[in-house]
> 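Quick one: the structure is below, and I'll ask about it shortly.
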Amino acid sequence: FGGMRVEEAGTLYERVFARKCVNEIWPPRLIFRDTEGADSANFGFHSLSSQAIALAVLVLTLPLTLIVAILIRMSSPGSVLIREPRVGLHDVSFEAFRFRCSGRDGEYSAVGRFLRGWGLVWLPQLLNVLRGEMAMVGPRPERPLFARRMNELIPFYRQRHRVKPGITGWARIHRQAGDEQDSLRDLEYDLYYLENLSPLMDFFVLMLSLRTVGRYSAPQPVTPAISAEG
């Protein structure tokens with residue numbers, strides 16, 4: 001009333017950092033929000049476009065995939081692919097694929113280090129996209145036990161399962177090399193992505209993801225962002 005511009009803290013936080021502020025989210029806004037209409041259309045296009053892109057990339061990278069599979073089998077005995085349980089859309093679990101990076105001793109092989117260094121270890125997840133279990137862009141697919149624990153610790157964590165998990169995502173492209181996984185920060189990026197989901201947003205994330213190739217040359221430890229006391 002005095003002529004000064006006033007802005008909610010959560011709105012300012014979102015505008016500056018491009019992620020939602022979990023502490024400033026009002027539960028009624030999530031409970032009573034209308035999720036039909038435009039959201040449903042975006043979610044449908046999101047799934048179809050992901051499968052089309054995955055098929056194209058899979059065809060283009062088929063020779064590379066075959067070479068990688070041969071190198072893995074030559075480096076050490078065992079399966080070429082690893083199946084890992086992950087939580088998907090609406091909390092439904094599925095098996096995510098990835099290339100095997102370690103040998104009998106559990107240490108990373110030379111091939112495994114190369115795959116992780118160039119982000120190729122997740123190439124088989126294109127199969128998960130074709131099967132409708134994942135998308136090209138979305139929240140990080142988490143292990144079921146970890147997801148259940150985060151549901152207990154972090155409010156609104158289950159909201160990230162409103163869409164399919166992605167090979168890459170808004171949270172991933174904002175993570176710096178060497179950063180530990182910050183579940184609360186990632187959730188804020190995921191909620192921002194959900195609210196702004198669109199074909200243009202997905203294209204933007206995919207383009208920026210090309211810059212992160214080689215950023216994750218070593219596995220990062222998982223550190224929940226809040227304590228058991230909340």
Side-chain angles (χ1 to χ4, degrees), residues 18-20 22 30 33-61 65 81-99 119-151 154 156-175 181 183-210 212 216 222:
R19 63 181 197 252
K20 300 289 290 185
V22 172
L30 291 178
R33 184 186 176 203
D34 182 11
T35 58
E36 301 299 329
D39 281 358
S40 298
N42 280 334
F43 291 162
F45 185 83
H46 177 256
S47 180
L48 291 176
S49 61
S50 287
Q51 290 179 319
I53 294 173
L55 180 59
V57 175
L58 196 62
V59 171
L60 291 175
T61 59
T65 301
L81 297 181
I82 299 293
R83 298 169 180 256
E84 299 176 322
R86 291 290 186 268
V87 178
L89 180 66
H90 303 318
D91 294 320
V92 177
S93 297
F94 68 97
E95 289 186 331
F97 301 109
R98 69 170 176 84
F99 282 126
L120 299 176
V121 66
W122 312 115
L123 198 58
Q125 288 185 351
L126 292 170
L127 297 175
N128 292 114
V129 177
L130 290 178
R131 292 170 57 170
E133 298 163 334
M134 293 182 62
M136 293 300 296
V137 180
R140 170 191 172 101
E142 299 289 4
R143 295 178 175 84
L145 180 61
F146 181 80
R148 286 195 297 269
R149 183 57 174 160
M150 291 299 99
N151 287 336
I154 302 179
F156 319 119
Y157 188 83
R158 187 172 275 111
Q159 288 291 317
R160 68 196 300 277
H161 298 147
R162 285 179 52 212
V163 295
K164 297 175 183 179
I167 296 179
T168 186
W170 189 241
R172 174 166 178 165
I173 64 175
H174 284 89
R175 193 178 306 153
Q181 183 186 346
S183 299
L184 185 58
R185 183 182 59 188
D186 285 354
L187 174 62
E188 292 183 338
Y189 281 119
D190 290 336
L191 293 178
Y192 180 89
Y193 171 75
L194 283 171
E195 190 171 280
N196 297 276
L197 176 64
S198 68
L200 183 60
M201 180 76 164
D202 284 352
F203 178 77
F204 184 62
V205 172
L206 288 173
M207 293 298 100
L208 289 179
S209 297
L210 298 178
T212 66
Y216 309 103
V222 174

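Side-chain atoms are counted along with the backbone in the values below, which use heavy atoms only and exclude waters and symmetry mates.
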> Compare all side-chain heavy atoms of Glu84 with those of Arg98 and state whether any distance is below 4.5 angstrom.
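Touching, per the 4.5 Å side-chain cut-off.
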> Considering only heavy atoms from C-beta outward, does the side chain of Arg143 approach that of Arg86 to under 4.5 Å?
yes
> Would you compute the distance between atom CD of Glu95 and atom CG of Leu127 and round it to the nearest 0.5 angstrom?
12.5 Å
> Measuring from atom CG of Leu123 to atom OG1 of Thr65, what distance do you get when rounded to the nearest 0.5 angstrom?
4.5 Å
> Determine the interplanar angle of the Trp170 and Tyr192 rings, folded into 0 to 90°, and report it as parallel if under 30°, tilted if 30 to 60°, perpendicular if over 60°.
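Parallel, since the angle between the ring planes stays under 30°.
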> How long is the span from the CG atom in Leu191 to the CZ atom in Phe156, to the nearest 0.5 Å?
8.5 Å
> Nearest 0.5 Å, what's the CG-CD1 distance between Leu126 and Ile167?
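It comes to 4.5 Å.
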> Would you name the heavy atoms of Ser209 and Ile173 that are closest together and state the gap between them?
OG-CG2, 3.5 Å
> Measuring from Thr168:OG1 to Gln125:CD, what's the distance to the nearest 0.5 Å?
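Those atoms lie 10.5 Å apart.
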> Looking at Arg140 and Ser183, would you say the former's side chain and the latter's main chain have a donor-acceptor pair under 3.5 Å?
no
> Going through the distances and angles, do His161 and His90 end up as a side-chain contact (heavy atoms from CB on, under 4.5 Å)?
CA-CA 5 Å; His161 298 147; His90 303 318; over 6 Å; no
> Looking at every heavy atom in both Pro85 and Pro144, which two are closest together, and how far apart are they?
O-CD, 3.4 Å
> Are Phe99 and Leu81 side-chain neighbours, meaning at least one heavy-atom pair lies under 4.5 Å?
yes
> In residues 43-59, what donor-acceptor pairs under 3.5 Å come from side-chain atoms, sequence neighbours left out?
residue : atom : partner : partner atom : Å
His46   : NE2  : Val137  : O            : 2.8
His46   : NE2  : Tyr193  : OH           : 3.1
Ser47   : OG   : Lys164  : NZ           : 2.8
Ser49   : OG   : Phe45   : O            : 2.8
Ser49   : OG   : His46   : O            : 3.2
Ser50   : OG   : His46   : O            : 2.8
Ser50   : OG   : Met136  : N            : 3.2
Gln51   : NE2  : Leu130  : O            : 3.3

> Sequence neighbours left out, what passes salt bridge (charged side-chain N to carboxylate O under 4.0 Å, His left out) with Lys20? Give chain and number order.
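Listed in chain order: Glu14, Glu195.
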> Would you indicate whether the side-chain heavy atoms of Asp202 and Leu197 approach each other to under 4.5 Å?
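Result yes, sub-4.5 Å side-chain heavy-atom pair found.
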> Please check: side-chain N/O of Glu188 versus main-chain N/O of Val22, any donor-acceptor pairing under 3.5 Å?
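A pair under 3.5 Å: yes.
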> Evaluate the side-chain proximity of Pro165 to Val87: yes if any heavy-atom separation is below 4.5 Å, no if none is.
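Contact flag for Val87/Pro165 side chains = no.
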> To check you understand the geometry: which heavy-atom pair defines the closest contact between Arg160 and Leu194, and what is its length?
CA-CD1, 3.9 Å
> Hey, are the side chains of Arg175 and Arg185 touching, using non-hydrogen atoms and a 4.5 Å cut-off?
yes
> So how far is it from Asn196 CG to Arg19 CZ, rounded to the nearest 0.5 Å?
14.5 Å
> Kindly give the heavy-atom pair with the smallest separation between Ala18 and Tyr189, and that separation in Å.
O-CD2, 3.5 Å
> Given the rule in the side-chain contact (heavy atoms from CB on, under 4.5 Å) test, do Glu142 and Tyr157 qualify, once you have shown the distances and angles that lead to the verdict?
CA-CA 12 Å; Glu142 299 289 4; Tyr157 188 83; 3.4 Å; yes
